[in-house]
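For clarity, every value in this text was computed on a predicted model and none was experimentally measured.
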Amino acid sequence: MADSALTHLECSRCRATLPADRLQNLCSCGGPLLARYDLVRAGRTLTREGLAGRRRDLWRYEEVLPGKASEAVALGEGGTPLLLLPRLGAECGLAQLYLKDESSNPTGTFKARGLATGVSQARALGARKLALPTAGNAGGALAAYAARAGLEAYVLMPKDAPRANRLECQAHGARLILVDGLISDCARLLAQRKQREGWFDMSTLQEPYRVEGKKTLGYELYEQLGGRLPDAILYPTGGGVGLIGMWKAFEEMEALGWIGPARPKMIAVQASGCAPVVRAFEQGKSQSQPWKWARTLAAGLRVPKPLGDFLILDAIRRSHGAAIAVSDKDILAAVRAWARQEGIFGCPEGAATLAALPRLIESRVIGRDDVVVLLNTGSGMKYLDVLSKALR
Ligand SMILES: *Cc1c(COP(=O)(O)O)cnc(C)c1O
Ligand SMILES: [Zn+2]
């Protein structure tokens, strides 16, 4: 029988260890906490062969996830397709260009992965009122999973977030607090109010378990590529949870004996109107500076100062990856190209990865023989108001 092999939490900054049997937010040093497992124990049942007959959602990786899969708050998250992009691949001279298409997740984006594990653990450890600041999609996912869990959700969202995000929060019965500002302003407001309101803070990287759901992207890629990793992964980076999560998954997979020390090039793609990680990467810095006047139609990339910037930058550098910014105009052209040439109606954030491709090939970060994975992080359907003007 499979079981979670979770043992404790570890600070990603100072390496302090904390118990995992109670609700935790940041380390006392301010660093995000990461979940640690007994991977020797996990490896006894978590094998590639053994995975074959398991459930299709992300809970198939139960040993390296928190809590009991049988008690998880689940809506069918994960298990998304990895699609070859033959036409777009041929166009840029790549024989093995893939798309990990996250649009079929509950709530239409990959935020479902993180909120499934985050809400499951929050409920298991006794939280009742869950709150987060969001650029949009995390709010919708929290609202859905909290409803499923029978918990209260409080969502702080910019008032100009995509309409679908506001509507889904209302539909799921979340308390929606619209803020005249960005996700960073929402986060400030949440920090001021959470104690008084008794909210459990589910902000990006402020609790340890959203990363755990998103890391399953890394496990799925390995399985879907037949027991190997790609050469490069292009990730549309806001808070960077998925990139940090996949990097963590690769470390676990090495400890499990599934892979060696080689890693895919981790490539962070941002919008040129909000590119703090790209700027820090270009300047050789280990942390980012808050981006002023953040502006892009790719709402999920409108994160002026990611809390986990140092983890993102570390993964990029250690993998010999890159960080690259693309314009909203190029993002829209990429939305169109995916839709017309491959039948994928992607979100602007995801399309940013396609938009980044030509420059990455030109600068030889990506080679013609590389196995390359783009991430479409959500459905274009969640951006009808944003895209209806731009795509016509
Ligand atoms: C949140 C979001 C992103 C960015 O993800 P991070 O893990 O915060 O970097 C990208 N695309 C979509 C659709 C999102 O909702
Ligand atoms: Zn610490």
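- Note: Cys186 SG to Lys159 NZ = 11.0 Å, rounded to the nearest 0.5 Å.
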Residues 117-124 side chain polar contacts: donor-acceptor under 3.5 Å, at least two apart:
residue: Thr117; atom: OG1; partner: Arg113; partner atom: O; Å: 3.3
residue: Thr117; atom: OG1; partner: Gly114; partner atom: O; Å: 3.1
residue: Thr117; atom: OG1; partner: Tyr209; partner atom: O; Å: 2.8
residue: Thr117; atom: OG1; partner: Gly213; partner atom: N; Å: 3.1
residue: Ser120; atom: OG; partner: Val73; partner atom: N; Å: 2.8
residue: Ser120; atom: OG; partner: Ala116; partner atom: O; Å: 2.6
residue: Arg123; atom: NH1; partner: Ala149; partner atom: O; Å: 3.2
residue: Arg123; atom: NH2; partner: Glu71; partner atom: O; Å: 3.4

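- Once rounded to the nearest 0.5 Å, the distance linking OH of Tyr154 with CZ of Arg175 reads 4.0 Å.
- Taking a 6.0 Å sphere around CZ of Arg55, one finds it holds more than 12 heavy atoms contributed by other residues, nucleotides or ligands.
- In summary, the aromatic rings of Tyr222 and Trp258 are positioned with their centroids under 6.0 Å apart.
- Contact detail for Cys169 and Met157: the closest heavy-atom pair is SG-CE, 3.8 Å.
- A side-chain donor-acceptor contact under 3.5 Å links Thr237 to the backbone of Tyr235.
- Here the side chain of Arg210 pairs a donor or acceptor atom with the backbone of Met202 at under 3.5 angstrom.
- In this structure, Lys265 NZ and Asp370 CG are separated by 5.5 Å, a value rounded to the nearest 0.5 Å.
- Side-chain atoms of Asp328 and Thr296 include a donor-acceptor pair closer than 3.5 Å.
- Judged by a 6.0 Å distance limit and a 45° cone about the ring axis, Lys194 is not positioned over the six-membered ring of Phe200.
- For the residue pair Thr204 and Leu307, the shortest heavy atom distance occurs at O-CD2, 3.8 Å.
- From Gln24, atom CD reaches atom CD of Glu207 across 11.0 Å, with rounding to the nearest 0.5 Å.
- Note on Arg228 versus Asp231: salt bridge recorded, some NZ/NE/NH1/NH2 to OD/OE distance being below 4.0 Å.
- When only modelled atom types and interatomic distance are considered, Asn137 and Lys382 share a side-chain donor-acceptor pair under 3.5 Å.
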Using side chain to side chain donor-acceptor pair (under 3.5 Å), reason through Tyr219 and Glu252 one step at a time and then give a plain yes or no.
CA-CA 10 Å; Tyr219 283 92; Glu252 292 170 0; 2.6 Å; yes
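- Side-chain N/O atoms of Thr80 and Lys100 include a donor and acceptor closer than 3.5 Å.
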Tyr37 vs Glu212, side chain to side chain donor-acceptor pair (under 3.5 Å): CA-CA, chis, key distance, verdict
CA-CA 11 Å; Tyr37 300 83; Glu212 295 305 290; 2.6 Å; yes
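- Using a 4.0 Å cut-off between charged side-chain N and carboxylate O, Glu251 and Lys248 make no salt bridge.
- Side chain to side chain, Lys285 and Gln287 fail the donor-acceptor criterion of an N or O pair below 3.5 Å.
- Defined by atom type and a distance below 3.5 Å, a donor-acceptor pair is present between the side-chain atoms of Trp59 and Glu77.
- For the residue pair Tyr61/Glu220, the side-chain donor-acceptor check at 3.5 Å is not satisfied.
- With hydrogens and angles ignored, the 3.5 Å screen pairs a side-chain donor or acceptor of Gln270 with a backbone N or O of Val277.
- Classification of Asp160 and Arg302 as a salt-bridged pair holds, one side-chain N sitting under 4.0 Å from a carboxylate O.
- Annotation: the span from Cys27 atom SG to Glu10 atom CD amounts to 10.0 Å, rounded to 0.5 Å.
- Residues Glu63 and Arg41 are not paired through a salt bridge, judged by the lack of any N-O separation under 4.0 Å between the basic side chain and the carboxylate.
- Side chains of Leu97 and Leu84 form no contact here, defined as non-hydrogen atoms less than 4.5 Å apart.
- Put simply, the side chain of Asp101 never gets that close to the backbone of Leu82: no donor and acceptor are under 3.5 Å apart.
- Atom CG of Leu156 is separated from atom CZ of Arg193 by 7.0 Å, given to the nearest 0.5 angstrom.
- For Arg13, the CZ atom is densely surrounded, since the number of other residues' heavy atoms within 6.0 Å is greater than 12.
- The two atoms that bring Ala135 and Pro158 nearest to each other are CA-CD, 4.3 Å, heavy atoms only.
- When all heavy atoms of Ser288 and Lys305 are compared, the closest pair comes out as O-CE, 3.2 Å.
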